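Worksheet for the structure shown next.
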Amino acid sequence: MAKKRRNIGVIGVPLDLGAGRRGVDMGPSAIRIAGLERELEQLGHKVEDCGDIDVMIAETQKAGSTKLRYKQPILAANRALMKQVDKVMSEGRLPLVLGGDHSIAIGSVAGSTGFHAKRGESLGLIWFDAHGDSNTPQTTPSGNIHGMSLAVSLGYGDHDLVHLGGRAPKVQARNTVLIGIRDLDAGEREFIKKSGVTCYTMRDLDERGMRDVLDEAIRTASDGTAGIHLSFDLDVVDPVDAPGTGTRVDGGISYREAHLAMEMLHDRALIAAIDFVEVNPVLDTQNMTGVLAVELAQSALGKTIL
Ligand SMILES: [Mn+2]
C-alpha cells in the first residue's frame, strides 16, 4: 500500500504528429494493456480512466510549415488536453497523462500550471529525456514539435503554442530541471546554456549518481513552488530496457536508476502531475516499454520493495 493514497485521473493522448516516426499514437493503449489501472489500484489509489483526447491522424492532415509540422492539429489536441488536465485537478485528482509523443507536454504543463496559477501558485518541472526538446522553429533541424515542447513551456518558440491558455511562460527556468540528457542539437545546446534551466547530462549522472542528482533536482524544482510536474520521456532509459521509443540513444539511465528516481520523487516531492510519453509499440519488444512505464508509475506513486 502506498503511504499517500490519491485519486488519479488517467488521460490518454494518442498523438504521433509531433514525432518523426509513426506508432507512438498507440502508446496509451500499450500502457493501459500493461495493467496500469489494476497495478495502481493495488497500491490503494482510486483510479479513473478519462479515456483519450480526440486527436487527428496524419492521413487526414497536411503537415504545413516544414518548421512546425502539423502545428494546427497538435495545437488543437493540446488545447483539449490542457482543459482535461485542469478538470481532473479541479476534481481533486492527480492527472496521469499517457502519450503520445512529447509534444503533448505542451498541453499537459499548460493544464497543470494553469490550475495552480488560478490560485497564485507555480509548479516546478522535472523533465527526464535523452534529448533537450528545446528547439524553436528557428533552430529545429526536423520541424518536429516534440523537439520543442520544453522550450515552449519556458516561453520560447511559436507564439500560439507558447500562449496556449493565455499565460506564458508556463514554468520558470529556475524551477526547471532536465535529467538524463545525452543528445542535443547545436541550437539546443545554446538554449540550455542561456535559458537558466538546470541540466543534468548523463555525465553528471555518471559522476554524481542518481541519488545526488535527484536530491538537488527536487530541491530546485520545489523551491517556492506548490509541487512538481513530472514529464518522463521513456527514451531517457537505456534502449536495452526501453527499446520501444522512436528516438533511441545509447548510454541511457539504467532500469534501477529510473526506479530510484521515481521512488525518491514519491518520498521527497509533491507530485502535481505526471506524463509518460514516447512509448512506441511498433518498435517495442513484447510491450517491454509499456510495462516499464507502468512499473515506473507504480514507483512514482508509492510502490516499495519492502
Ligand atoms: Mn522528449
Side-chain angles (χ1 to χ4, degrees), residues 13-25 27-28 30-31 68-70 74 77-78 81 97-110 112 125-136 139-154 156-157 161 170-171 176-185 187-189 191-192 195 197-202 205 217 221 228-239 241-253 258 261-262 273-280 283-284 289-290 292-293 296:
V13 196
L15 180 79
D16 72 353
L17 298 175
R21 299 178 76 175
R22 305 292 308 277
V24 76
D25 55 319
I31 298 171
L68 281 160
R69 290 166 45 79
Y70 300 107
I74 288 172
N78 274 295
L81 174 59
V97 179
L98 314 179
D101 70 66
H102 218 162
S103 72
I104 65 129
I106 295 171
S108 181
V109 170
S112 67
L125 176 61
I126 298 188
W127 192 280
F128 286 88
D129 214 303
H131 309 90
D133 296 353
S134 14
N135 272 300
T136 64
T139 64
T140 176
S142 67
N144 293 329
I145 294 178
H146 75 161
M148 308 182 192
S149 40
L150 183 81
V152 165
S153 300
L154 289 162
Y156 299 89
L161 295 174
K170 305 297 189 280
V171 289
T176 300
V177 183
L178 283 74
I179 299 175
I181 308 302
R182 55 192 184 277
D183 183 13
L184 293 172
D185 299 320
E188 291 184 303
R189 221 171 263 134
F191 177 88
I192 287 172
S195 63
V197 299
T198 303
C199 178
Y200 298 103
T201 65
M202 283 311 301
L205 289 165
I228 292 173
H229 184 115
L230 165 63
S231 202
F232 194 99
D233 189 323
L234 269 294
D235 74 20
V236 74
V237 179
D238 194 277
D241 294 310
T245 69
T247 40
R248 286 187 284 231
V249 190
D250 285 340
I253 70 173
M262 298 302 103
I274 305 178
D275 316 317
F276 281 104
V277 302
E278 300 281 356
V279 172
N280 189 330
L283 305 170
D284 208 358
T289 311
L292 178 61
L296 293 174

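We count ligands from 1, going down the list as the structure has it; atoms in each ligand are counted the same way. These numbers were taken from a predicted model, which means no experiment stands behind them. Residues take their numbers from the sequence shown, with the count starting at 1.
- Taking every heavy atom of both residues into account, L184 and H131 meet most closely at CD2-C, 4.4 Å.
- D16 places no side-chain N or O within 3.5 Å of a backbone atom of V24 that could act as its donor or acceptor partner.
- Partner of L178 under the side-chain contact (heavy atoms from CB on, under 4.5 Å) criterion, chosen from D133, V236, V197, T201: V197.
- Protein N/O/S atoms closer to the Mn ion (ligand 1) than 2.8 Å number 4 in this structure.
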| request: For the pair T247 and H146, evaluate side-chain hydrogen bond (donor to acceptor under 3.5 Å, both in side chains) and give the outcome as yes or no after the intermediate values. | output: CA-CA 11 Å; T247 40; H146 75 161; 5.5 Å; no

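- Minimum heavy-atom separation, A258 to F232: CB-CZ, 4.4 Å.
- Side-chain N or O atoms of D101 include one that pairs as donor or acceptor with a backbone N or O of S103 at under 3.5 Å.
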